[in-house]
Amino acid sequence: MINKKVVQSKVAHLRPGFQVLALTLIVGTGAFLYRGSPAVDQATIWVIYGLFAVSIDILWGYCGMLTFGQAVFFGLGAMCYAWTTTDTWFPHVDWNPALAGILLSILLPALLGLVLGYFLFYGKVRGPYFVIVTLALAFLMQALGNGWTKVFGGFMGFFGVPTASVELGGWSFGLTTPLTRYITVSLLLAGVVVVSARILRGPFGLRVAGVRDNDQRLEYLGTSTVKTKLVVFIGSAAIAGFAGALFASTSGFVSADLMGTLLSTEAVIWVAIGGRMTLIGAVLGAVVVRGFGYIISSIAVEYWTLFLGALFIFMVLFGSKGLWVIGGSAAARLSRLLEGRRGSRDIVENRTTGR
Amino acid sequence: MTLLKTEQLGVRFGGIWALRDFTVQVEQGAVHGFIGPNGSGKSTLFHLITGHYAPTTGEIYFKNTSLSNLTTDARARLGLTIKFQITSVFEGLTVLENVLLGLMGRRSPLSGFFSGTVAPADRDRALEILETVHLADRRDTLAGVLGHGEKCWLEIGMSLAAEPELLLLDEPASGMGREETKQTARLVRNLSGTRTIMVIEHDMEFVRAVADTITVLFKGELLTAGTYDDVKNDERVIDAYLGRGRKNG
């Protein structure tokens with residue numbers, strides 16, 4: 001009895017991971033049935049965007065800091081991967097390019113997050129001012145990337161970025177087929193979601209909620225909101241950078257536009273549509289918007305942005321809680337309805353017994 | 001023993017001294033009341049102590065340490081928390097979560113980072129505090145939907161949870177009815193003893209019930225200090241409250 005309870009609570013802790021895996025299973029299968037392997041490769045990108053959306057949800061949904069510059073970290077992560085795998089600067093260094101790229105894609109954005117966050121949060125930049133700074137950052141990095149050809153590839157970007165193949169000891173792992181890529185990316189996403197959800201459910205998550213709700217009150221109780229925000233900002237930057245590296249490995253093409261405003265703002269829309277403050281909602285938003293985008297683009301490209309805009313306005317007006325929450329309550333209502341039909345005899349019996 | 005003292009403390013906003021040349025000592029374990037007409041500098045004093053305002057002149061010493069170079073949160077970690085004049089709680093969080101945030105206030109932001117849950121001991125302690133502030137049965141209610149009096153108590157409970165040595169209460173009974181005011185006075189009285197409390201209040205009944213010492217401020221300056229009876233019979237205090245003390249225009 002007790003053992004069963006322990007097992008149950010462990011499953012409850014892993015639940016966000018299972019939700020993510022169930023979602024990716026459905027999406028992957030759907031994509032394969034729709035257009036076969038090439039569609040699965042597309043779906044891999046959507047799942048990576050889902051991971052990117054998670055990084056925004058942590059910062060915006062949980063900590064209340066809206067950002068229009070998150071793609072800076074995503075693009076920088078992608079650049080890191082492209083630099084190490086298409087390396088021409090250190091030809092004599094013997095390293096594992098993919099692994100080094102992935103590590104760098106986590107560390108460098110985290111470092112940038114630390115430096116930026118330090119000045120922004122100690123400088124008491126908050127609310128709309130924070131949003132504007134992040135937007136300016138995205139413009140800046142995009143311009144820098146497009147201008148500084150030698151480092152960021154300029155308008156041409158980096159072509160032919162190889163897919164990750166990691167060799168450790170005698171063990172090698174290559175993401176050579178669409179299916180292995182899709183599965184690996186899904187598992188990594190689930191892992192990040194499980195760890196993030198655990199942190200956000202614990203004492204640190206409560207502090208983050210305190211920052212979102214009333215950061216001044218929190219400060220007067222002794223918690224350094226600057227440090228709390230900094231940890232969230234760095235963590236979020238690291239996740240975005242990691243997603244960027246996965247993107248580079250999967251798509252094989254990296255350009256400075258990945259660091260820019262377009263992807264930054266679109267990703268915020270994913271989170272708004274999917275649902276803030278549920279990590280799975282952010283993933284859902286990214287996958288649904290990009291998935292529908294893929295289907296609609298193959299029918300009529302010109303209507304894609306129109307569709308995205310209409311969906312965003314619709315969600316803001318009628319579904320500010322996001323698809324995940326709306327879907328959940330709709331499912332609950334449906335199951336109650338079905339239950340009601342099946343259980344109508346029970347109700348009659350209960351009525352006679354007076355319950 | 002003196003827990004907190006100010007020396008020639010003053011702050012100026014534009015041409016107006018909100019507080020000027022103010023020296024006071026707060027004894028450990030005492031309930032120290034601060035009264036005075038509106039705009040006499042009581043809340044300003046509290047804001048200077050918490051670090052919300054920086055003083056123009058003078059120093060504040062807490063536990064014989066100067067507070068000058070400490071941020072708001074560092075001062076709170078040193079052991080002083082405040083209930084604001086305008087009640088401020090985490091409206092979107094539950095009552096229990098509010099108190100838990102107070103409880104965790106003096107710890108490192110990263111304590112229990114990967115634990116995934118709030119420690120049972122902390123939960124128990126938080127429930128104990130909710131018991132003292134009469135909110136035990138509202139623990140899962142969102143703080144935003146509490147009544148005014150309940151919010152005040154929650155804020156006191158939250159500030160209490162951080163285990164402060166000095167608790168600042170800025171008008172804890174404002175806007176409360178008679179019964180609630182009495183209850184709050186009893187609560188404040190019960191909290192004293194181990195803790196030092198500085199309290200601002202306009203309700204003289206309340207002040208009489210809770211305060212050991214009273215300091216009277218007027219126009220940003222110290223007018224007089226003493227016990228309730230000393231202060232009550234002081235001509236200058238009566239003049240100040242009745243508005244007859246305008247010697248300097």
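Every chain is numbered from 1 and lettered A, B, ... according to where its sequence line falls, protein lines coming before strand lines.
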Q.
Between B:R106 and A:G222 (side chain of the first, backbone of the second, donor and acceptor by atom type, cut-off under 3.5 Å), is there such a pair?
A. no
Q. Once you round to the nearest 0.5 Å, how far does OG1 of B:T50 lie from CD of A:E219?
A. 10.5 Å
Q: Sort out for me which of A:T228, A:T223, A:V195, A:D213 touches chain B most, counting heavy-atom pairs under 4.5 Å.
A: A:D213
**Q.** Separation between OG1 of B:T117 and CZ of A:R201, rounded to the nearest 0.5 Å
**A.** 8.0 Å
Q.
Tell me whether A:L317 at atom CG has more than 12 heavy atoms from other residues, nucleotides or ligands lying less than 6.0 Å away.
A. yes
Q. Highest number of heavy-atom pairs under 4.5 Å with chain A: which of B:S108, B:P164, B:A119?
A. B:S108
Q: Using a cut-off of 6.0 Å, state whether more than 12 heavy atoms not belonging to B:K63 lie near its atom NZ.
A: yes
Q.
Is it true that, when you exclude B:L110 itself, more than 12 heavy atoms of the residues, nucleotides or ligands shown sit nearer than 6.0 Å to its CG?
A. yes
Q.
Please determine whether the number of non-hydrogen atoms from other residues, nucleotides or ligands lying under 6.0 Å from atom CZ of A:F314 exceeds 12.
A. no
Q) Are any side-chain N or O atoms of A:N214 and backbone N or O atoms of B:V89, one a donor and one an acceptor, separated by less than 3.5 Å? A) yes
Q: Over 60° means perpendicular and under 30° means parallel, so classify the ring planes of B:F84 and A:Y220, tilted if in between.
A: perpendicular
Q) What's the spacing between A:L221 CG and B:L103 CG if we round to 0.5 Å? A) 10.5 Å
Q: Verify the neighbour count for atom OH of A:Y118: are there more than 12 heavy atoms of other residues, nucleotides or ligands below 6.0 Å?
A: no
Q | Smallest separation among heavy atoms of A:P203 and B:S111, with atom names | A | CB-O, 3.8 Å
Q.
How long is the straight-line distance from CE of B:M158 back to CG of A:L218, given to the nearest 0.5 Å?
A. 9.5 Å
Q) Between A:R198 and B:S115, is there a donor-acceptor pair closer than 3.5 Å when you use the side chain of the first and the backbone of the second? A) yes
Q. In terms of heavy-atom pairs under 4.5 Å, which option from B:M104, B:R75, B:R77 contacts chain A the most?
A. B:M104
Q. Can you tell me if CZ on B:R189 sees more than 12 non-hydrogen neighbours from other groups inside 6.0 Å?
A. yes
Q.
Checking B:D73 against A:T225: is there a side-chain donor and acceptor pair closer than 3.5 Å?
A. no
Q: Heavy atoms only, distances under 4.5 angstrom: which of B:A161, B:A76, B:G105 has the most pairs with chain A? Name it, please.
A: B:G105
**Q.** Atom CG of B:D124 with >12 non-hydrogen neighbours under 6.0 angstrom
**A.** yes
Q. Of the listed residues (B:S159, B:S88, B:G102), which shares the most heavy-atom pairs with chain A below a 4.5 Å separation?
A. B:S88
(Q) Using a 4.5 angstrom heavy-atom cutoff, name the option from B:I82, B:T81, B:L101 with the most pairs to chain A. (A) B:L101
Q. Does atom CG of B:N69 have more than 12 heavy-atom neighbours from other groups under 6.0 Å away?
A. no
Q | A:R217 side, atom CZ; B:L93 side, atom CG - distance, nearest 0.5 Å | A | 13.0 Å
